[in-house]
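Note sheet for the following structure.
Order of the sequence lines sets the chain letters (A, B, ...), proteins ahead of strands, with each chain counted from 1.
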4 protein chains.
Amino acid sequence: MPKIGMEPIRRAALVEATIAEIGAAGSLDVTVSAISKRAGMSSALAHHYFGGKDQIFLAAMRHILKAFEAEVRSRLNAARCPRARLEAVISASFWDESFQPSVISAWLNFYVLSQTNSEALRLLRIYQKRLHSNLTHDLRSFCSARAPEIAYGIGALIDGVYIRAALGGPRETVEATQIVLRYLDAELERK
Amino acid sequence: MPKIGMEPIRRAALVEATIAEIGAAGSLDVTVSAISKRAGMSSALAHHYFGGKDQIFLAAMRHILKAFEAEVRSRLNAARCPRARLEAVISASFWDESFQPSVISAWLNFYVLSQTNSEALRLLRIYQKRLHSNLTHDLRSFCSARAPEIAYGIGALIDGVYIRAALGGPRETVEATQIVLRYLDAELERK
Amino acid sequence: MPKIGMEPIRRAALVEATIAEIGAAGSLDVTVSAISKRAGMSSALAHHYFGGKDQIFLAAMRHILKAFEAEVRSRLNAARCPRARLEAVISASFWDESFQPSVISAWLNFYVLSQTNSEALRLLRIYQKRLHSNLTHDLRSFCSARAPEIAYGIGALIDGVYIRAALGGPRETVEATQIVLRYLDAELERK
Amino acid sequence: MPKIGMEPIRRAALVEATIAEIGAAGSLDVTVSAISKRAGMSSALAHHYFGGKDQIFLAAMRHILKAFEAEVRSRLNAARCPRARLEAVISASFWDESFQPSVISAWLNFYVLSQTNSEALRLLRIYQKRLHSNLTHDLRSFCSARAPEIAYGIGALIDGVYIRAALGGPRETVEATQIVLRYLDAELERK
DNA sequence: AATGAATGAGGATTCATTCAT
DNA sequence: GATGAATGAATCCTCATTCAT
């Protein structure tokens, strides 16, 4: 029974199914058929809505980044001072959702895809810039001059810690956050 | 003109060709045929020597890690004091070879593969442990107690900076090294 | 021009083509491509409907056994007394269809496959049991006690005569039936 | 260390290995490599000695038939009267060796091969004629006129019983022999 | 005599994608 | 809107066979 207004629902179902499949496979080697079946529709319909496999992947990536961004916003809104805001941004990277196997898999494949897919690279840049911008903004309260370079270091450290935690089996979210915060403090204490 | 003793030559050619193909494709989506053709032999022979696609990939990974390890050893041997040794270990991660597109691609795919392939994960662990061990050893000269945690942070930062540099187009090797060294100094300065 | 409801048509076409190919090759060394081409479709579609080569073979076997069973039923229905029923069951094994080269080939390969394929063995057992059951039922009218053992002998003799006839070039159907009937009579006359 | 006079040894090793491989596979789908490896030599040497895969198979068949024939001869020599000789011929078909999985597999595949390979068919005919000749010879002592037809029936029954026993899991050799002997007696008792 | 080397040909299977309905 | 039908192209892998040594 085809209904009108199904498109957004179908698209959302496909995005979710894609993330789940990528998580289950650990790679982008997932078939459109498998995704479609998990989403409860035919693969032909998936093509109809997204145009092709790549588009589906990118939509999934956008979804993950959007969810992450929402989490960051939420934590930022709850923070009352620069220090709290810095901690909010950092800890957001290590929230539970980020360590879902499907999200880990998506992120790692995101890096791979960024080498060859310009849209993926664009999304990655947006993520990095937003993180950098958030960090720099609040770092200025402490050390205006070195804010950008510290922000870069923190951004890189977040990625590095994330990958190690993600590939290292169950880790404490808190632990990852503490490592980055210690780096932050070390930099801020200098001079 | 078949000759005896070809095996090591063929294997080496295949490993090199594999790395080149992965680099050209940006992903592990490379065919055994393409690899074999680049290596100047039939795909059947590639299977004969390696047994399967996975084996070829892992051999390529081992090759990259081995070359990296050799570089680290070489730089360590030239260093005359703990500080120089720390700098040797850190800068080795950002030597020119590491930023060859094919090596970048191999590393990124290495992470992806580690999620599902236990041998890949094992190799990754070895790399991480060796790095950690090298760093810890020389850090003890400066701050015996906090050496392990600082080593962990440096290792993670190296990975993070590497990924950002690798996906960010041409970067200064020196710059990447400086970022990590600054982190090192910040930690060491903390009383 | 894809239409709905094609599945049963395609499956039937594939089964028929499989039997024909096995007959032409004389062995199970037939390719899915050849079968599919003969059935007028792509090999991909054959896999889509059957899942794999083995499934196609077994479907063909089931088809042959079903046709044979139908012939037996038909002859049994036309028989009016136990003796006529025994003759019906025996002669059915040697009806014209059974000596089609493709059917002969299928049967011989059936035996081979039964060594390693449990589903094939299952089907073979069903055939043997049905034959045994049919024979025993009507033999009881003549010699209740020895019915099972005579039935076993007749079943075995049918198989043996069939193979010899099948591999011996053109034979008289009647002749094969007569040999088995003579055995039947010899047993019934005893004592 | 190539030695002279190795040829017969190599050939015998290959024949034995072939039978073993066929038994292990249950079909003729065995590779020359596997056979050669089991025989302790390279596949190239196997080709050198036999010329091709088919030749190797046929050599294996000849070996089995030769062994069987020797067993028959041996039992015939020990028999002192026509009846004993008939029993010798019949029981020989069901000696232990015949129920080795590898021999069973060879026989079943022999039938399959006989459809398309004239040499295989020729060997099969020789086996059948020899059996028929042996049986007829001694049956003449009891019923000169019907000897040929009885011999044909016994030959067919032997094959049928053998297949059923072979595919039916562990059976009593004696049982199989008894079934055929009962048929013999039933025929001889007539009139 | 014996083999490692090497390959061409082929085969099962998968999959993204298209299309008529 | 939605899907079953259908396929071409590709991919991994196998194997009999040949050949230089």
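Nearest to the side-chain atoms of C:T31 among the listed nucleotides E:dG11, F:dA5, F:dA2 stands E:dG11.
A:Q55 has its CD atom 14 Å from the C1' atom of E:dT17, to the nearest Å. Rounded to whole Å, atom P of E:dA12 lies 9 Å from atom CD1 of C:I56. In this structure, A:L14 atom CG and F:dG1 atom P are separated by 14 Å, rounded to whole Å. Distance C:M41 CE to F:dT7 P: 8 Å, rounded to the nearest Å. Between the CD atom of C:E7 and the P atom of F:dT3 there is a distance of 17 Å, given to the nearest Å. Atom pair B:F57:CZ and F:dC12:C1' shows a separation of 12 Å (rounding to whole Å applied). Look at CG on B:L45: it is 5 Å from P on E:dA6, rounded to the nearest Å. In this entry the distance linking CZ of B:R11 with P of E:dA5 reads 11 Å, nearest Å.
Projected onto DNA chain F by closest heavy-atom contact, B:K53 and B:A44 fall at different nucleotides, the more 5' of which corresponds to B:K53. Toward the 5' end of DNA chain E, the nearer of the two residues B:H48 and D:H48, judged by each one's closest nucleotide, is D:H48. Residue order along DNA chain F, read from the 5' end via each residue's closest nucleotide, puts C:G40 first among B:V32 and C:G40.
Taking the six-membered ring for Trp and the full ring otherwise, D:W107 and D:Y127 have centroids separated by under 6.0 Å.
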Open item on the list: As a check on the pairing definition, encode DNA chain F in dot-bracket form, counting Watson-Crick and G-U wobble pairs whose two distances are under 3.5 Å, and using | for partners outside this strand.
Closed with: .||||||||||||||||||||
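Residue D:R10 has a polar side-chain atom (N or O) positioned under 4.0 Å from OP1 or OP2 of E:dA2. Within the 4.0 Å cut-off from OP1 or OP2 of F:dA16, not a single side-chain nitrogen or oxygen of D:H47 is found.
Applying the side-chain hydrogen bond (donor to acceptor under 3.5 Å, both in side chains) rule to pairs touching residues 41-50 of chain D yields nothing, sequence neighbours excluded. Sorted by first and then second residue, the pairs that involve residues 15-40 of chain A and meet salt bridge (Lys or Arg N to Asp or Glu O under 4.0 Å), not counting sequence neighbours, are A:E21-A:R38.
Side chain of B:N117 to backbone of B:L113: no donor-acceptor contact under 3.5 angstrom is found. Without hydrogens or angle criteria, D:Q55 side chain to D:G52 main chain gives no donor-acceptor distance under 3.5 Å.
Pairing each heavy atom of B:L14 with each of B:S36, the nearest pair is CD2-CA, 4.2 Å.
A salt bridge is absent between A:E7 and A:R10; no separation between the charged side-chain nitrogens and carboxylate oxygens falls under 4.0 Å.
When heavy atoms are screened at a 4.0 angstrom cut-off, D:Y49 is found touching the sugar-phosphate backbone but no base atom. Here B:S42 lies in heavy-atom contact (under 4.0 Å) with a base.
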